[in-house]
Amino acid sequence: QVQLVESGGGLVQAGGSLRLSCAASGRTFSSYAMAWFRQAPGKEREFVAAISWSGGRTDYADSVKGRVTISRDNAKNTVYLQMSRLKPEDTAVYYCAASYQLSVVPTGYDYWGQGTQVTVSS
């Protein structure tokens, strides 16, 4: 089992940048594919980015491609989401998730963090 804790959210102006972090507990972090999802009020949770256990494969939603980079440091049990050129439509609660297999759908993930709020002002 793994526990996930996100951090790094906040209020930023459009065009700005944020880096989200997700710290994982447990000694098997490097066994898990990791992902970021987001959920805006009144909307379904949507995929943002995912990374394989080794970091060798990454996937991105079309809506963030070119503006977002997912990375991981297995020595620190942490996955990151670097976001730049933020837009008001990026406003949401961002969640990290873990699974043994990389997926782009929420049902593909077994473990979730509590989320961190990102608000982008226009």
Side-chain angles (χ1 to χ4, degrees):
Q1 191 168 352
V2 62
Q3 293 182 328
L4 305 172
V5 179
E6 302 96 334
S7 62
L11 174 64
V12 63
Q13 288 189 333
S17 299
L18 276 177
R19 188 177 81 156
L20 306 183
S21 299
C22 174
S25 64
R27 293 176 291 176
T28 59
F29 173 75
S30 60
S31 300
Y32 291 96
M34 301 294 297
W36 288 93
F37 289 80
R38 65 187 183 187
Q39 189 165 18
K43 295 189 176 181
E44 293 187 352
R45 193 166 297 190
E46 66 171 357
F47 171 73
V48 177
I51 188 167
S52 62
W53 67 270
S54 67
R57 176 186 167 186
T58 56
D59 282 326
Y60 296 95
D62 288 343
S63 60
V64 302
K65 202 169 291 184
R67 301 189 295 120
V68 163
T69 301
I70 188 170
S71 61
R72 66 189 297 160
D73 185 337
N74 286 343
K76 296 183 177 180
N77 282 12
T78 303
V79 62
Y80 305 97
L81 188 71
Q82 178 69 49
M83 303 187 292
S84 61
R85 290 181 283 138
L86 284 161
K87 305 175 182 180
E89 51 263 45
D90 294 318
T91 295
V93 178
Y94 283 70
Y95 298 89
C96 73
S99 175
Y100 282 116
Q101 288 191 320
L102 193 147
S103 174
V104 299
V105 297
T107 52
Y109 289 84
D110 304 302
Y111 304 104
W112 292 85
Q114 83 290 348
T116 186
Q117 176 71 46
V118 172
T119 303
V120 184
S121 63
S122 57

Sequence neighbours excluded, every pair satisfying salt bridge (charged side-chain N to carboxylate O under 4.0 Å, His left out) that has a member inside residues 50-60: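 Salt bridge (charged side-chain N to carboxylate O under 4.0 Å, His left out) check on residues 50-60 returns Arg57-Asp59.
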Flag if over 12 foreign heavy atoms under 6.0 Å of CD, Gln101: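 For Gln101, atom CD is not crowded (no more than 12 foreign heavy atoms under 6.0 Å).
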To which residues is [X] joined in a hydrophobic cluster, defined by side-chain heavy-atom contacts under 4.5 Å among Ile, Leu, Val, Met, Phe, Trp and Tyr, whether direct or through other members?
X     : result
Val64 : Val2, Leu4, Val12, Leu18, Leu20, Phe29, Tyr32, Met34, Trp36, Val48, Ile51, Tyr60, Val68, Ile70, Val79, Leu81, Met83, Leu86, Tyr94, Tyr100, Tyr111, Val118, Val120
Leu11 : none
Val5  : none

Pairwise disulfide (SG to SG under 2.5 Å) hits with a residue in residues 14-71, at least two apart: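 The answer is Cys22-Cys96.
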Over all atoms of both residues, closest heavy-atom pair of [X] and [Y]:
X      : Y      : answer
Gly113 : Tyr95  : O-CD2, 3.6 Å
Thr78  : Ser21  : CG2-CB, 4.3 Å
Ser122 : Ala14  : CA-CB, 4.3 Å
Glu6   : Gly115 : OE1-N, 2.9 Å

Under the side-chain hydrogen bond (donor to acceptor under 3.5 Å, both in side chains) test, residues paired with Glu46 that sit two or more places apart: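 Once residues adjacent in sequence are excluded, the partners of Glu46 under the side-chain hydrogen bond (donor to acceptor under 3.5 Å, both in side chains) criterion are Arg38.
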For Arg85, all residues meeting side-chain hydrogen bond (donor to acceptor under 3.5 Å, both in side chains), sequence neighbours excluded: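 Here no residue qualifies.
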Would you tabulate the side-chain donor-acceptor contacts of residues 102-110 under 3.5 Å, counting partners in other chains and residues two or more places apart, or write 'none'?
| from | atom 1 | to | atom 2 | distance (Å) |
| --- | --- | --- | --- | --- |
| Ser103 | OG | Val105 | N | 3.2 |
| Tyr109 | OH | Ser103 | N | 3.0 |
| Tyr109 | OH | Ser103 | O | 2.6 |

Of all pairs that satisfy side-chain hydrogen bond (donor to acceptor under 3.5 Å, both in side chains), the ones with a partner from residues 64-73, not counting sequence neighbours: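 Passing the test, one end in residues 64-73: Asp62-Lys65, Arg67-Asp90, Arg72-Asn74.
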side-chain contact (heavy atoms from CB on, under 4.5 Å) against Gln117, all qualifying residues, sequence neighbours excluded: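 Counting only residues at least two positions away or on another chain, Gln117 forms a side-chain contact (heavy atoms from CB on, under 4.5 Å) with Thr91, Val93, Thr119.
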Partners meeting side-chain contact (heavy atoms from CB on, under 4.5 Å) with Ser25 (sequence neighbours left out):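 Ser25: side-chain contact (heavy atoms from CB on, under 4.5 Å) contacts with Gln3.
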Contacts of Trp53 that satisfy ring-ring contact (aromatic ring centres under 6.0 Å, His included) - sequence neighbours left out: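 None.
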